[in-house]
Asker: 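The structure follows.
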Amino acid sequence: MIQTGGFNTWLDVEVLFATLEKALTGDERIHFAVAGGAIPGHYARGLEWFEQRVKSSPHKDRYHLLGWLPAGDVPRLISEANLGLNLDLICAEGILGTRSRLLDWLLGELPV
């Protein structure tokens, strides 16, 4: 599974982490990669919260927090994934905002 882009204010990091923990507990083949992260100068708390939980997870070795990668590296990462995972809060941006990461995943023929 993969998440690309920013850990913005409308990403539901609590549900994301809980969902991943259930999936990782249920299937030892699953890994989760993040290409992206905090949004410098704007919002870092979401990624900080997520990183703290990952460090204490019994599955921490299957989380791959890669940080912000050069844009040219992201298509390769998408091509190696089996599923793109996007969980947004119910808010104006979460409902009405553009999902660039979804468009990238669809262009890479990655199920969302």
Side-chain angles (χ1 to χ4, degrees):
M1 286 190 275
I2 190 172
Q3 162 80 28
T4 56
F7 268 61
N8 51 46
T9 56
W10 55 92
L11 176 64
D12 193 335
V13 293
E14 292 179 20
V15 171
L16 175 64
F17 184 75
T19 299
L20 289 167
E21 285 295 291
K22 278 188 176 183
L24 293 168
T25 298
D27 189 336
E28 63 185 33
R29 298 171 299 169
I30 295 174
H31 286 249
F32 181 68
V34 174
I39 303 168
H42 173 64
Y43 184 70
R45 284 187 317 204
L47 180 63
E48 291 166 359
W49 184 94
F50 189 81
E51 287 175 326
Q52 289 174 357
R53 298 321 180 273
V54 167
K55 286 178 186 176
S56 63
S57 169
H59 312 293
K60 62 185 170 193
D61 59 323
R62 292 191 283 145
Y63 285 91
H64 308 281
L65 307 180
L66 307 173
W68 290 100
L69 300 176
D73 292 351
V74 176
R76 179 192 54 79
L77 190 61
I78 291 170
S79 73
E80 294 174 3
N82 298 89
L83 179 70
L85 189 58
N86 186 74
L87 294 163
D88 291 331
L89 294 165
I90 298 173
C91 65
E93 184 62 38
I95 295 168
L96 303 172
T98 301
R99 296 295 171 278
S100 300
R101 72 183 95 216
L102 299 182
L103 296 176
D104 290 341
W105 299 345
L106 291 172
L107 286 171
E109 299 180 356
L110 179 65
V112 178

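For reference, positions follow the sequence shown, starting with 1.
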Asker: Are side-chain heavy atoms of Trp49 and Phe7 found at a separation under 4.5 Å?
Answerer: no

Asker: Among the clusters formed by ILVMFWY side chains lying less than 4.5 Å apart, do Val34 and Trp10 turn up in the same one?
Answerer: no

Asker: Linking I/L/V/M/F/W/Y whenever any side-chain heavy atoms sit under 4.5 Å apart, do Met1 and Leu66 land together?
Answerer: no

Asker: Return the minimal non-hydrogen interatomic distance between Lys60 and Val54, and the atom names on each side.
Answerer: CB-O, 3.1 Å

Asker: Ignoring hydrogens and angles, write down the donor-acceptor pairs under 3.5 Å from the side chains of residues 70-80, residues two or more places apart or on other chains.
Answerer:
unit_1	atom_1	unit_2	atom_2	d
Arg76	NH1	Glu80	OE1	3.4
Arg76	NH1	Glu80	OE2	3.0
Ser79	OG	Arg76	O	2.6

Asker: Donor-acceptor pairs under 3.5 angstrom involving side-chain atoms of residues 40-47: please list them, not counting sequence neighbours.
Answerer:
unit_1	atom_1	unit_2	atom_2	d
Tyr43	OH	Gly46	N	3.4

Asker: Just grab all the salt bridge (charged side-chain N to carboxylate O under 4.0 Å, His left out) pairs involving residues 82-91, residues at least two apart or on different chains.
Answerer: Asp88-Arg99

Asker: Tell me whether Leu85 is reachable from Leu11 by hopping between hydrophobic residues (I, L, V, M, F, W, Y) whose side-chain heavy atoms are closer than 4.5 Å.
Answerer: yes

Asker: Pairs in or reaching into residues 61-71: which pass side chain to side chain donor-acceptor pair (under 3.5 Å), with residues at least two apart or in two chains?
Answerer: Glu21-Tyr63, His31-His64, His59-Arg62

Asker: Among Leu20, Ile2, Thr19, exactly one meets side-chain contact (heavy atoms from CB on, under 4.5 Å) together with Phe32. Which residue is that?
Answerer: Leu20

Asker: What distance separates Lys22 NZ from Leu24 CG, expressed to the nearest 0.5 Å?
Answerer: 13.0 Å

Asker: Taking ILVMFWY side chains as joined if any heavy atoms are under 4.5 angstrom apart, and letting links pass through other members, which residues group with Ile39?
Answerer: none

Asker: In residues 102-112, what donor-acceptor pairs under 3.5 Å come from side-chain atoms, sequence neighbours left out?
Answerer:
unit_1	atom_1	unit_2	atom_2	d
Trp105	NE1	Thr4	OG1	2.9

